[in-house]
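Following: one structure in structure tokens, then a few remarks.
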Amino acid sequence: MSTFDISFIDSNGLIVNDDFDLSLIDSSDLIVTDDVESVSAPSKSIDSLDQSSATVDQSSELSSDHTAPQVNPSLKRIRKSRSKKPKTPIIYVGIESNGGACSRVFSTPNGSKLYKPDVDAEFLPPPIGTVYTDWQEIVAMYSRYASKAGFSTKLGTNKDRPENVSFRFIHCHRYGKPRFGNFSMANHHKRRSNRIKLTNCKACIRFKIYPGTSDLILYDWVEHHNHPLIGQEFMDFSKEQRTLTYSEQHMIHSLSLHNIGPNIAHKVQCTLKGGHHYVRGKRIDYKNWRRNIKLFIGHRDAQLTVNSLASRTTNLHNFFFDYKVEQMVVKALFWADDVSRCHYIEFGDVLAFDATYKTNMYKMIFVPFTGVDHHKRCVTFGAGLICDETIESYVWLLETFVKCHPKPPILVLTDQDAAMRSAVLKVFPTSAHRLCMWHIMMKLPAKIKGCNVDNDEVRTAIHNLVWDVLIDKDDFEMRWNTLMSQYNLTGHDWLNDMYGIRERWVPCYFSHLDMCCLMKTTSMCESSNAMFKVNTNRHNSLLQFLMSFDTAIDGQRHNQRELEFNMMNSSPLLHTNLRIEEHASRIYTPALFVEVQKEIERGMLQCTNNTPTVIGDVKLYTVTQYNRHFVPVCQFEVAFDVRDKATSCTCNLFKRIGYLCRHIFCVYRPEQVHAIPDRYISNRWKRDSLPRRVYDITNRYSVDNRVETRLRNEILDTVALCADRLRHNPTELSELCEQMKALKIKIFADVPYDPECNRTNAVISDILRVPETGPSTLILQHSVTKGSGYDKDKENNSGKRFVGPREKAINKIKKGKVARLCGNCKQHGHNARSCEKVQAAKAEAAAKVT
């Protein structure tokens, strides 16, 4: 073994040579030469210094006033305390291969090892003295080298010396001294991690920046590590490979608008890329990005939401927005776009709204206004957020709704909330208010006591009575009193209360209203609310909730466009040869034509009419209706005016739902009416009831219509199509890959890396399409909803919501085993085979036989 010399650079940049004991030098500071027999410290030789100086002098970009450092006559030793000792040899161990990452291994006298990466020359850093003008180019260069060598990098702290010379470093990711801490049983706390990653590795690359110039001069490169290098099969866990790209960050945000969390988003990305190894970032990186978005919004949530909605009033056609503020606290919001306003003009005859909870982190109550379109699907007329469920909040919300939609609805449908009813009566005095039948009937099992047999019978009888739309008020009251007497329920408090408000929920009391049977319950409203809740959760900020709402609305309107497309590109199947059926198929939407077609068929097959009674120009028909077994069920009177074909039926179906009944179609046959008169074609059920602009792409708020976004999507689609076309041709795929790499090199050379637009906050600002900074004067407070268990007048509040008797019964059944229900006697605890009545009947039959 040969000996070696160690060179140091003093503070003035001069070479100071001396002989030192190797055991006194940090093993990570050593660099082994190519002859693998001599070792020197990590510094430039005299030749390299001269070369560096020549390179610097030849650079035209250095300023003229730049002066080389002066020679210090009294050369300072870096470590004066060291004394000269005999030179110590370093032993070359061999080459270590770790999953494709090769390194030369050396052993030091103190027993530690040094690892020198063995990579191709094309990836090695340039020689000492090379001048750079772009720091990001240096970072990219060293990152490429690190990825091939098997380690990650981290930027060092900038240092300014008294001579005004700046230094910039890039270290190994394991640089730095580990913190062990003091362990004691008295102060023992669980650490987040019990692993130590830092080894004080000195592998790095160093640059100087002289005053008066922006050039970065490479003056030192330490390539030995004091730790094993990472194999290529583990490089996907490295820092560089875990850095998320803009596309991945945008994907995480987009999936969150569909209530898909970071864990599922990571699994989706792994599935699309073909495995975890091809995915940048771990699950924790996806979670951290979601956290960064919430931190970016922070206390500006209210201001950003209000500004976002207010900007739409100026940038979008016919967009409406209003909000209520008290002492800088946002108390309520309401918004509706042009499509919602068009929907209300055509389908606003019946309006339903219901409060929805757990849609945002502030517990603000979400109130969407819902109707039914010409495809019999839910449409949204607008949406609001209120901080509480008081009469004042609902009044403000409905008054703002009237500002947006001046025409009052014919019928308003809500649940039994008293505040809602008071607000509806105040704001819509000419509209009828109706309670949801479903909410009332769902309470029936918990309100009626008694054995299961009687309970089931009462429920069935009450259901058959209240859901009958053909009876009148007097008939309902008579049958109700008979029913109460039959089951001894005359003194039942809850049933008497419901009977006292029967004009608010029983259908026969609304038969005089147009479209009274379009919505008898808020079930369609609640299904619409469920659609919104699918796309959001109670942890979302208000701005995130608004984006999730836009995504849900876009899905709703996408389904509507799909129905329109299918309607325009298909024809319904006709069941008869009647021309009136063919006419109905051309004017009605497919969803409604199915209902009209049933009425035409049953008017031909299950209805008969007698000889009409003529009174002037009016013919009076008596139509008998039969069931599917051809048994007469009921009779209805149909009046037909021969002058203008005006027709009316006592079943009142056209008034209740907006299309003709089977009894009228039965009369149209002898009267030779082959087309539905225009007066009986409701515009809300026609194919062309909506203007074409409602389907325009500009009305899809979850779609990014920016030019750069469309071009990015087009590029990605083009590359994907090319790769799909060549999926069975490896040679062509390889050529395409090389072409894309060459194009990448050209683009990266032409368009330098811009750290400003790639900052975390800058990227989030671009994704959310909100300004990065700005004044914020509005705030939000956590709301208190009904049933939350909170009472502001009480000192001790549990914070738990109240549980009703029905929910308690359901939870009790869920906790225990559900008892069997006998199909014979309707009792619980046994089945039909072990029923005592069945056993007794069998015993009696056997006795008769014997």
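Each residue takes its place number in the sequence, starting with 1.
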message: Determine whether E389 and Y357 satisfy the following criterion, side chain to side chain donor-acceptor pair (under 3.5 Å), listing intermediate values before the conclusion.
response: CA-CA 11 Å; E389 295 180 274; Y357 310 95; 2.7 Å; yes
- prompt: Which is it for F353 and F381 under the ring pair (Phe, Tyr, Trp, His ring centres under 6.0 Å) test, yes or no, and what are the steps along the way?
  reply: CA-CA 10 Å; F353 67 95; F381 300 143; over 10 Å; no
task: Measure from NZ or CZ of R300 to the centre of the six-membered ring of F296 and say whether it is under 6.0 Å with the direction within 45° of the ring axis.
output: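 Yes, cation above the ring, under 6.0 Å and within 45°.
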field: Atom of S776, atom of H299 and distance for their closest heavy-atom approach
entry: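 Here S776 and H299 meet closest at OG-O, 3.8 Å.
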query: Looking only at heavy atoms, which two atoms of K403 and F320 are closest? And how far apart?
result: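 Taking every non-hydrogen atom into account, CB-CZ, 3.9 Å.
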- prompt: Out of F319, F549, F369, which one pairs with W335 under the ring pair (Phe, Tyr, Trp, His ring centres under 6.0 Å) rule?
  reply: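 Between W335 and the candidates, ring pair (Phe, Tyr, Trp, His ring centres under 6.0 Å) is satisfied uniquely by F549.
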message: Test salt bridge (Lys or Arg N to Asp or Glu O under 4.0 Å) on R706 and D766; report intermediate values, then the result.
response: CA-CA 11 Å; R706 292 178 292 182; D766 182 56; 3.1 Å; yes
Do NZ/NE/NH1/NH2 and the carboxylate oxygens of [X] and [Y] come within less than 4.0 Å?
| X | Y | value |
| --- | --- | --- |
| D338 | R693 | yes |
| R421 | D417 | no |
| D285 | R242 | yes |

field: Aromatic ring proximity, centroids under 6.0 angstrom, Y344 and F401
entry: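 Centroid separation for F401 and Y344: below 6.0 Å.
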- request: Kindly state whether the ring of F347 and the ring of H374 have centres lying under 6.0 angstrom apart.
  value: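 Yes: the rings meet the under 6.0 Å criterion.
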message: For Y323 and F321, take the angle between the two ring planes, folded into 0 to 90°, and tell me which bin it lands in: parallel under 30, tilted 30 to 60, perpendicular over 60.
response: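 Rings of Y323 and F321: parallel, as their planes differ by under 30°.
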